[in-house]
Amino acid sequence: MVRRGAEPHSSDVATTPLWRAAQALRLVTLLYAVLQQFASAPYYQNQRLSWVLIALMAVWSGASAIMLSQWRFPEVRRVRVWVVFGDHVVVIALMAATRLVADYDWYHGHQTLPTTLWATNAVIGAAILRGPVAGVLSGALIASVALTVRDQWGQDVWTDATVPVLVSVGLALGLAANTARRAQDQLERAVRLTAATEERERLSREVHDGVLQVLSYIKRRGTEIGGPTEELAQRAAEQEVALRVLITETADRGDSGGAEVDLRPLLTVHATPSVFVSTPGHPVLVGRWAGAEIAAAVATALSNVALHAGPDAKAYVLLEDTGDELVISVRDDGVGIPPGRLAEAEAEGRLGVSRSIVGRIGALGGTADLLTEIDGGVGFGTEWEFRVPRT
């Protein structure tokens, strides 16, 4: 049985297509190396040794191609590390063995024994495994060995294509591997986000149909009965509001993918028989922090409605997206707020409204206006209007 900790990492899965394509190239370069051996063997001093080395190269190419193209076995990353390391050892050893099978005149003016094309397999492996930096370093290492074996550390360094080809291959494949890993990470975040969103919506429905309905019923009946049960009704109302705020905050924390969120679910979670939420039919995407701040401001306004607007008060939340700004209205038909009461509360050190509502919206560059305090006064309900610019 495979241990959970030994399961392939997502980055290993993401680069599997690159590994498999690289192994197809490995077999093609092996064929080229064998054909090159047929053409070069007559010029070698030790032809028998050269064929033995080519046979070893073929065996290693087949075994490494099989190991590097797989990912459905435990410890795949560790296996790939060792195979890539072995690639470099084999390539360097074969290059060095060129001096054992050919004389100076031959190896100074021709390719090393495994050919430069086959040697790129080690560079490709390092690039896919560790990224562009490892690919460039591997290319520089293999190129340095080739120049050393061929004794070309002179002007030929700047005219020979070995160095730029190997370094460029390492850079390009390393960048491609990093891109594949980032794409895999984004896909997994999107999948987790979708699953988390569906689960939150399911839990929100269950909480709304169960606990919140019971708390709302206790609040209503306790207020109707009066007497000692009125305190019970008030506690139920407080817990109902607290639970709704908790659901909203949990939804925001659980959203871990992407740079934007849809504001609509953050507001519709507050819908109850006494709270009506209306939102556009299309997604209203905002920055994650902005969405959390707007949702928290709405939750605070609804909390004030539940605590101060009266037992029979109903609240209405309306979200509008004008393109240039978001307009969020939170209105109730309760007893209203006396003119100047918010200023008095702030002077007394009670900063709930100024910080939780006005402060949050102001931090987003918007405005939070209490319209009924200006237009109506006590007995006409309360209406907050939040205007948040899209920029």
Quiz: residues 128-147 side-chain donor-acceptor pairs under 3.5 angstrom, not counting sequence neighbours:
residue	atom	partner	partner atom	Å
S138	OG	H88	NE2	2.6
S144	OG	A140	O	2.7

Nearest atoms (heavy-atom pairs only) where A315 meets L302 = CB-CD2, 3.7 Å
inquiry  = Please give me the minimum heavy-atom distance between P42 and A39, naming the atom from each residue.
reply    = CD-O, 3.7 Å
ask   = Between atom OG1 of T115 and atom CE of M57, what is the distance when rounded to the nearest 0.5 Å?
value = 6.5 Å
inquiry  = Assess the residue pair V165 and T116 against the criterion (side chain to side chain contact (heavy atoms under 4.5 Å, CB included)); give the C-alpha distance rounded to whole Å, side-chain angles, the decisive distance to 0.1 Å, and a yes or no.
reply    = CA-CA 9 Å; V165 166; T116 302; 5.5 Å; no
query = In terms of hydrophobic clustering (I, L, V, M, F, W, Y; side-chain heavy atoms under 4.5 Å; direct or indirect links), are W289 and L319 co-clustered?
reply = yes
request  = Determine whether L263 and L326 make a side-chain contact, defined as any pair of heavy atoms from C-beta on separated by less than 4.5 Å.
outcome  = yes
key: Within one Ile-Leu-Val-Met-Phe-Trp-Tyr cluster: L318 and V330, side-chain cutoff 4.5 Å   = no
query = Roughly how far, to the nearest 0.5 Å, is the CG atom of L173 from the CG atom of L18?
reply = 7.0 Å
request  = Look only at the side chain of D262 and the backbone of V284, and say whether a donor-acceptor pair between them is shorter than 3.5 Å.
outcome  = yes
task = Quick one: do R99 and V149 satisfy side chain to side chain contact (heavy atoms under 4.5 Å, CB included)? Show the steps, please.
result = CA-CA 7 Å; R99 292 196 173 191; V149 171; 4.1 Å; yes
query = Sub-3.5 Å donor-acceptor pair from the side chain of S303 to the main-chain atoms of A299, do we have one?
reply = no
inquiry  = Checking Y32 now: which residues fulfil ring-ring contact (aromatic ring centres under 6.0 Å, His included) with it, not counting sequence neighbours?
reply    = none
key: Ring geometry between F276 and Y316 (parallel below 30°, tilted from 30 to 60°, perpendicular above 60°)   = parallel
ask   = For F85, does the CZ atom have more than 12 heavy-atom neighbours from other residues, nucleotides or ligands under 6.0 Å away?
value = no
ask   = Do L25 and M67 sit in the same hydrophobic cluster, where Ile, Leu, Val, Met, Phe, Trp and Tyr count as joined when their side-chain heavy atoms come under 4.5 Å apart?
value = yes
Pairwise distance OG1(T279) to CG(L266) - rounded to 0.5 angstrom = 11.0 Å
task = Taking the side chain as every heavy atom from C-beta outward, state whether V298 and F386 have any atom pair closer than 4.5 Å.
result = yes
ask   = How far apart are the C-alpha atoms of Q184 and R181, what are their side-chain angles, what is the distance that settles it, and do they pass the side-chain hydrogen bond (donor to acceptor under 3.5 Å, both in side chains) test?
value = CA-CA 5 Å; Q184 180 70 19; R181 293 187 182 96; over 6 Å; no
remark   = Heavy-atom nearest pair, G366 first then P389, reads CA-CD, 3.7 Å
message = When you compare the side chains of R26 and Q23, does any donor N or O come within less than 3.5 Å of an acceptor on the partner?
response = yes
query = Heavy atoms, side chains only, cut-off 4.5 Å: are W19 and R80 in contact?
reply = yes
query = Is L285 close to V261 at the side-chain level, that is, under 4.5 Å between some pair of heavy atoms?
reply = no
query = What are the two closest heavy atoms between G281 and R264, and how far apart are they?
reply = O-NH1, 3.2 Å
query = With sequence neighbours excluded, what pairs up with R182 under the salt bridge (Lys or Arg N to Asp or Glu O under 4.0 Å) test?
reply = none
From CD (E383) to CG (D369), nearest 0.5 Å = 10.0 Å
query = Within a strict 4.5 Å, meaning less than it, do heavy atoms of the R390 and V286 side chains meet?
reply = yes
request  = Treating Ile, Leu, Val, Met, Phe, Trp and Tyr as nodes and any side-chain heavy-atom pair under 4.5 angstrom as an edge, say whether Y44 and L49 lie in one connected cluster.
outcome  = yes
inquiry  = Just so I know, are the side chains of E293 and V388 near enough to count as touching, which here means a heavy-atom distance under 4.5 Å?
reply    = no
ask   = For the residue pair W118 and V90, what are the closest heavy atoms and their distance?
value = CH2-CG1, 4.0 Å
ask   = Do the side chains of I54 and F38 get nearer than 4.5 Å, heavy atoms only?
value = no
request  = Work out which heavy atom in I357 is nearest to a heavy atom in A368; give both atom names and the distance.
outcome  = CG2-CB, 4.3 Å
ask   = Can you check side chain to side chain contact (heavy atoms under 4.5 Å, CB included) on L94 and L53, steps first, answer last?
value = CA-CA 7 Å; L94 289 175; L53 295 176; 3.9 Å; yes
ask   = Does the side chain to side chain contact (heavy atoms under 4.5 Å, CB included) test come out yes or no for I328 and W384, once each step is laid out?
value = CA-CA 8 Å; I328 304 98; W384 281 101; over 6 Å; no
query = Atom CG of D324 and atom CZ of R387: how far apart are they, to the nearest 0.5 Å?
reply = 11.0 Å
ask   = Under a 4.5 Å side-chain heavy-atom rule over Ile, Leu, Val, Met, Phe, Trp and Tyr, are V305 and V358 clustered together?
value = no
key: Over 12 foreign heavy atoms within 6.0 Å of CH2, W82   = no
key: Sub-4.5 Å side-chain heavy-atom contact between T367 and I361   = no
ask   = Between D87 and S64, do the side chains contain an N or O donor and an N or O acceptor separated by less than 3.5 Å?
value = no
remark   = So CD of E325 and CD of E320: to nearest 0.5 Å the spacing works out to 9.5 Å
